[in-house]
Amino acid sequence: MSEFKSDFLHTLQERGFIHQTSDDAGLDALFNKEIVTAYIGFDPTAPSLHAGGLIQIMMLHWLQATGHRPISLMGGGTGMVGDPSFKDEARQLMTPETIAANIASIKSVFSNYLTYGEGPRDALMINNADWLLGINYLEFLRDVGRHFSVNRMLAFDSVKTRLDREQSLSFLEFNYMILQAYDFVELYKRTGCRLQMGGSDQWGNIVNGLDLGHRMGTPQLYALTSPLLTTSSGAKMGKSVNGAIWLNPDMLSAYDFWQYWRNTEDADVSRFLKLYTTLPMSEIARLSQLGGAEINEVKKILATEITAMLHGRAAAEEAAETARKTFEEGALAENLPSIDVPAAELEAGVGVLTLFVRAGLAESNGKVRQFLKDGAVRVNDKVISDDRQVIGTGEITAENVIKLSLGKKKHILVRPA
């Protein structure tokens, strides 16, 4: 790979963001010559993005931090079709109302990483529904569709994977890559955008946009992809035992978000410091040299820095302090995550299996039974082993809560309502 001269590409390269580019030298020269507008597309398939998408948001952050203009493109139009890439089956179609609600919810996260506005380097939030919903189908087929080779589209890994497994690929989804390619051309016309970035699984779709631009008379467009990340043990980024690590605070608390990063595997700490924090490379190099017991202190720094970018410095430090009190002092920290349970239910008593599932500490009664056998279930710091145990008003502490714990690191407070 080239040694880049432009600040943006140099920063991305040294921090481990670059998997592939369409033209190293051409893109580097462009970044050295002018303010470059670049975009990443985000599909509104849920009310929040999760930590797996954080690498893309950080790429946009560094784009702006090095003096260029990022576009966060919301897929309000393409979201009505669904990206077939590497999926085993077609996505469930969403209503326009669901898509609009998801976009409104997702937008709030981006302003923690990007500065939006009207200036030449200010980020833009754009919805591809602005142009896709008004397309005249026959004109689109004539003006855009004619530039696509079905033979070539069938050769893309994302399509081949589905066909090799003999799984259905609908015509609706097949159109997705045409629409995504068209987005790139449309963004060039509207904003002068010259670069599309994304995960390496999007390479085929992005190159499609370059090719369409060439055929439709745009200047040279460029592609840049990041590696698809897994943890050192092979787990998918952004997922935990209890589900997705959401970025929206109403779907996952700052404390739980902090805990996810605090539990990073030792082998991933240095890589995650580069990708997910803005700490200087010299500081990351210093922290990466620490080992033994000190690695746990580095993990706390990692968790606090990542949480501070999303939730604010105060919330990150509060999460760190809550964890310190809970784990190091054994104290009951008031700002642990909590659930409300009607007082009448607690008077009657709630089974330990039901309560732990309701608190989100386990996915099913069977999981709780396994945790009970492993000695990982505690109520008010006392180990519980009986799966018929009933939790009720007798367990309410002087602080008017019941503390549920799974292992040493997961705690939920039950509050009578």
For this session: Report the C-alpha separation of Thr78 and Asp183 in whole Å, then their side-chain angles, then the decisive distance to 0.1 Å, and conclude whether the side-chain hydrogen bond (donor to acceptor under 3.5 Å, both in side chains) test is met.
Result: CA-CA 9 Å; Thr78 42; Asp183 281 346; 4.7 Å; no

Problem set entry | From CD1 (Ile35) to NE2 (His68), nearest 0.5 Å | 8.0 Å

Exercise. Is a side-chain N or O of Ser111 found less than 3.5 angstrom from the main chain of Ser108, in a donor-acceptor match?
Worked result: yes

For this session: Determine the minimum heavy-atom distance between His19 and Pro227, stating which atoms define it.
Result: CB-N, 3.5 Å

Exercise. Side chains of Glu3 and Gln13: does their closest heavy-atom pair fall under 4.5 Å?
Worked result: yes

Exercise. Under 4.5 Å between any side-chain heavy atoms of Leu287 and Leu290, yes or no?
Worked result: yes

Problem set entry | Closest approach of Asp122 to Tyr116 (non-hydrogen atoms, all atoms of both residues) | CB-C, 4.0 Å

Problem set entry | Spacing of Ile206 atom CD1 and Ile40 atom CD1 [to the nearest 0.5 Å] | 8.5 Å

Problem set entry | Residues Arg313, Glu305: salt bridge by 4.0 Å N-O rule | yes

Exercise. Which word best sums up how the rings of Trp246 and His50 line up, parallel for under 30°, tilted for 30 to 60°, or perpendicular for over 60°?
Worked result: perpendicular

Problem set entry | Verdict with reasoning, Arg262 to Asn296, per side chain to side chain contact (heavy atoms under 4.5 Å, CB included) | CA-CA 8 Å; Arg262 165 63 182 84; Asn296 287 322; 3.7 Å; yes

Problem set entry | Nearest-0.5 Å distance, CE of residue Met281 to CD1 of residue Ile284 | 5.5 Å

Exercise. Looking at CE of Met94 and OG1 of Thr45, how far apart are the two atoms once the value is rounded to the nearest 0.5 Å?
Worked result: 6.0 Å

Seminar exercise, completed: Minimal heavy-atom distance between Phe184 and Cys193, with the atoms involved, is CE2-O, 4.0 Å

Exercise. Do side-chain atoms of Arg358 reach the backbone of Val341 as a donor and acceptor pair under 3.5 angstrom?
Worked result: no

Could you give the side-chain donor-acceptor pairs of residues 211-220 under 3.5 Å, partners two or more places apart or in another chain?
from   : atom 1 : to     : atom 2 : distance (Å)
Asp211 : OD2    : Arg215 : NE     : 3.0
Thr218 : OG1    : Gly213 : O      : 3.1

For this session: Check whether any side-chain heavy atom of Leu353 sits under 4.5 Å from a side-chain heavy atom of Leu372, and report yes or no.
Result: yes

Seminar exercise, completed: Value for CD1 (Ile71) from CE (Met197), rounded to nearest 0.5 Å, stands at 10.0 Å

Seminar exercise, completed: d(Arg415 CZ, Ile402 CD1) to nearest 0.5 Å is 11.5 Å

Problem set entry | Side-chain donor or acceptor of Arg378 paired with backbone N/O of Gly407 under 3.5 Å | yes

Exercise. Hey, do the aromatic rings of Phe4 and Phe31 have their centres closer than 6.0 Å?
Worked result: no

Exercise. Quick one: does Gln64's side chain have a donor or acceptor within less than 3.5 Å of a partner on Arg121's backbone?
Worked result: yes

Exercise. Would you say Gln259's side chain and Lys410's backbone share a donor-acceptor pair under 3.5 angstrom?
Worked result: no

Problem set entry | Leu406/Val377 under side chain to side chain contact (heavy atoms under 4.5 Å, CB included): CA gap, chis, key distance, verdict | CA-CA 5 Å; Leu406 182 63; Val377 172; 4.3 Å; yes

Exercise. Quick check: does any side chain N or O of Asn248 sit under 3.5 Å from a backbone N or O of Asp250, one acting as donor and the other as acceptor?
Worked result: no

Problem set entry | pair Met58-Thr278: side-chain heavy atoms closer than 4.5 Å | yes

For this session: Kindly indicate whether the side chain of Ile306, heavy atoms from C-beta on, has any atom under 4.5 Å from the side chain of Trp258.
Result: no

For this session: Would you please test Trp62 and Asp7 for side-chain hydrogen bond (donor to acceptor under 3.5 Å, both in side chains) and show each step?
Result: CA-CA 9 Å; Trp62 285 114; Asp7 283 351; over 6 Å; no

Problem set entry | 4.5 Å side-chain heavy-atom contact, Leu187 and Trp131 | yes

Exercise. Given Gln196 and Gln180, is the side-chain hydrogen bond (donor to acceptor under 3.5 Å, both in side chains) satisfied, shown in steps?
Worked result: CA-CA 11 Å; Gln196 183 183 172; Gln180 184 173 331; 3.1 Å; yes

Exercise. Which is it for Phe140 and Tyr182 under the ring pair (Phe, Tyr, Trp, His ring centres under 6.0 Å) test, yes or no, and what are the steps along the way?
Worked result: CA-CA 10 Å; Phe140 187 74; Tyr182 182 65; 5.2 Å; yes

Exercise. Is it true that a side-chain atom of Arg194 and a backbone atom of Leu27 form a donor plus acceptor pair closer than 3.5 Å?
Worked result: no

Exercise. Under the side chain to side chain contact (heavy atoms under 4.5 Å, CB included) criterion, do Phe257 and Ile245 qualify, and how do the steps go?
Worked result: CA-CA 7 Å; Phe257 186 76; Ile245 303 302; 3.7 Å; yes

Exercise. Are Phe42 and Phe110 close enough that their ring centres sit under 6.0 Å apart?
Worked result: yes

For this session: Check whether any side-chain heavy atom of Leu355 lies under 4.5 Å from a side-chain heavy atom of Val379, and answer yes or no.
Result: no

Exercise. Does Ala101 offer a backbone N or O that forms a donor-acceptor pair with the side chain of Ser105 under 3.5 Å?
Worked result: no

Problem set entry | Nearest atoms (heavy-atom pairs only) where Ser200 meets Leu228 | OG-CG, 3.3 Å

Problem set entry | Backbone N/O of Glu395 and side chain of Asn380: donor-acceptor pair under 3.5 Å | yes

Problem set entry | Donor-acceptor pair between Gln56 and Ser226 side chains, under 3.5 angstrom | yes

Exercise. Could you go step by step and tell me if Val185 and Lys189 meet the side chain to side chain contact (heavy atoms under 4.5 Å, CB included) rule?
Worked result: CA-CA 6 Å; Val185 175; Lys189 289 179 185 172; 4.0 Å; yes

Exercise. Considering residues at least two apart in sequence or located in another chain, which fulfil the side-chain hydrogen bond (donor to acceptor under 3.5 Å, both in side chains) criterion with Thr66?
Worked result: none

Exercise. Is the closest side-chain heavy-atom distance between Lys367 and Val357 below 4.5 Å?
Worked result: no

Exercise. Closest approach of Ala315 and Ala254, non-hydrogen atoms and distance?
Worked result: CB-CB, 4.2 Å

Exercise. Should Asp387 and Lys373 count as an ion pair when the cut-off is N to O under 4.0 Å?
Worked result: no

Exercise. Any donor-acceptor pair under 3.5 Å linking the side chain of Thr264 with the backbone of Trp261?
Worked result: yes

Problem set entry | His61 and Tyr113 aromatic ring geometry - parallel, tilted or perpendicular at 30°/60° bounds | perpendicular

Exercise. Where do Pro416 and Val414 come nearest, in terms of heavy atoms and distance?
Worked result: CD-O, 4.0 Å

